[in-house]
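Worth saying up front: this structure is predicted, and the values here are computed from it rather than measured.
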Amino acid sequence: MNWRLPKLQFKQQPAFYAGVVFFIVAMAALAWAGVKIADWTQSQQSAPVKQVKLYGDFQHIDIGTLHHKLQQQYVGNFFSVNVDQVQQFLLQQPWVYQAAVRKQWPDALVVVVTEQQPVAIWNQQQLLNEQGDVFQAPLQQLKTELPMLTGPEGSQQDALTMFRHMQGLLALHKFNAVALGLTERFSWQLSLSNGVALKLGREDTLKRVQRFIELYPVISKHKADAVAEVDLRYDTGIAVRYSTEQKRKA
């Protein structure tokens, strides 16, 4: 008896062929996209920075000059521009207190500058900002008159604080301070806008300013503009020098 095994026939499903075709097409598309991305990246390596956008509230900074410097030095390759270097460059410029720099796609450099706010001239050559920090900037570019503060190196914070206290007290009585000096022996000398100079010594300076305020109507009576100097370093009384007379104690 002969046994014959039935022939098995395997039919290829259409879905199998479709899957193979889809895989091949997907791989080709992926390879093509990779090539295109590589070409795009290569081309962007030479993308230029075409403009510098400069923002800030400027009173002393010449915005045209600063913008020109930035354009000259940092308009170039978008990817190679180092924002930290740009920031350091800005912080070295006169009148710049703070600076923030970022890139703006596709071709811009955005710069935000905070300007120094001068409140006093220090030792006739430098400036003090609101925080009492010393900075260098051309004095001829000042827009307003500032008080003159002088003192030993490193004493600028104390001088500015003391000046503010004295000016606050004087302003209540219609006086205006224009200069304050601290000697090497840490003795204070104050000058007023009416031409009067006050010698205040080392201690109880604000109390001595208050004493001047109280006594000024007496010492200036009939000589309103003639008081030249008032020495308040005495425990009791004061010494007054008039513009046409020798110093005398009151």
Can you list every pair that meets ring-ring contact (aromatic ring centres under 6.0 Å, His included) and has a residue in residues 152-174, with sequence neighbours left out? none
Verify the neighbour count for atom CD of E203: are there more than 12 heavy atoms of other residues, nucleotides or ligands below 6.0 Å? no
N/O donor-acceptor pair under 3.5 Å between K103 side chain and V81 backbone: yes
Strictly distance-based, threshold 3.5 Å: is any side-chain N or O of N82 a donor or acceptor partner for the main-chain N or O of D84? yes
Quick one: are L169 and F175 in side-chain contact, heavy atoms under 4.5 Å? no
Here the ring-ring contact (aromatic ring centres under 6.0 Å, His included) pairs for residues 115-147, sequence neighbours left out, are W95-F135
Would you confirm whether R233, through its side chain, and G201, through its main-chain N or O, come within 3.5 Å as a donor-acceptor pair? no
Looking at S155 and G151, what are the two nearest heavy atoms and their distance? OG-C, 3.5 Å
Under a 4.5 Å cut-off applied to non-hydrogen side-chain atoms, are L232 and L215 in contact? no
Between V111 and K53, is there a side-chain heavy-atom distance shorter than 4.5 Å? no
Per-pair distances, 0.1 Å, donor-acceptor, side chain in residues 180-192, under 3.5 Å, sequence neighbours excluded:
{"unit_1": "T183", "atom_1": "OG1", "unit_2": "R185", "atom_2": "N", "d": "3.3"}
{"unit_1": "T183", "atom_1": "OG1", "unit_2": "F186", "atom_2": "N", "d": "3.4"}
{"unit_1": "T183", "atom_1": "OG1", "unit_2": "S187", "atom_2": "N", "d": "3.1"}

Any non-hydrogen side-chain atom of M148 less than 4.5 Å from a side-chain atom of N123? no
Find out whether R164 and V119 are in side-chain contact, i.e. whether some heavy atom of one side chain is under 4.5 Å from a heavy atom of the other. yes
Nearest heavy-atom pair of R208 and L200: which atoms, and what distance? NH1-O, 2.5 Å
Working to the nearest 0.5 angstrom, can you tell me the gap between M162 CE and L206 CG? 5.5 Å
So do the side chains of V86 and L90 get within less than 4.5 Å of each other, counting heavy atoms only? yes
Shared hydrophobic cluster for I63 and V110 (ILVMFWY, side-chain gaps under 4.5 Å): no
Listed partners of F89 passing ring-ring contact (aromatic ring centres under 6.0 Å, His included), at least two apart: Y74
Counting only heavy atoms from other residues, nucleotides and ligands, does the tally under 6.0 Å from CD of E214 exceed 12? yes
Which residue is it: V227, V196, I238? I am looking for the one with a side-chain contact (heavy atoms from CB on, under 4.5 Å) to F212. V196
Minimum side-chain heavy-atom gap E130-Y97 below 4.5 Å: no
Is there a path from Y55 to V52 through hydrophobic residues (I, L, V, M, F, W, Y) whose side chains come within less than 4.5 Å of each other? no
Name the one of L109, V112, L70 that satisfies side-chain contact (heavy atoms from CB on, under 4.5 Å) with L54? L70
When you look at L128 and D133, which way does the side-chain contact (heavy atoms from CB on, under 4.5 Å) test go after all the steps? CA-CA 5 Å; L128 296 181; D133 299 324; over 6 Å; no
Side chain Q167, main chain V178, donor-acceptor under 3.5 Å: no
Without swapping roles, check the side chain of E229 against the backbone of A197 for a donor-acceptor pair under 3.5 Å. no
List the atom of D235, the atom of R211, and the distance in Å for their closest heavy-atom pair. O-NH2, 4.1 Å
In Å, rounded to the nearest 0.5 Å, how long is the span from CD of Q104 to CD of Q51? 7.5 Å
Which pair of non-hydrogen atoms, one from L170 and one from A177, has the smallest distance, and what is that distance? CD1-CB, 4.0 Å
Roughly how far, to the nearest 0.5 Å, is the CD atom of Q71 from the CG atom of L66? 10.5 Å
Shortest non-hydrogen separation from G237 to Y234 and the atoms involved: O-CB, 3.6 Å
Can you tell me how far CD of Q131 sits from CD of Q156, rounded to the nearest 0.5 angstrom? 12.5 Å
Sub-4.5 Å side-chain heavy-atom contact between Q93 and K69: yes
Output all residues satisfying side-chain contact (heavy atoms from CB on, under 4.5 Å) with L146, sequence neighbours left out; order by chain, then residue number. P118, I121, L127, L142, T144
Sequence neighbours excluded, every pair satisfying side-chain hydrogen bond (donor to acceptor under 3.5 Å, both in side chains) that has a member inside residues 58-68: H60-E115, D62-T65, H68-Q72
Does R102 use its side chain to pair, donor to acceptor, with the backbone of V83 at less than 3.5 Å? no
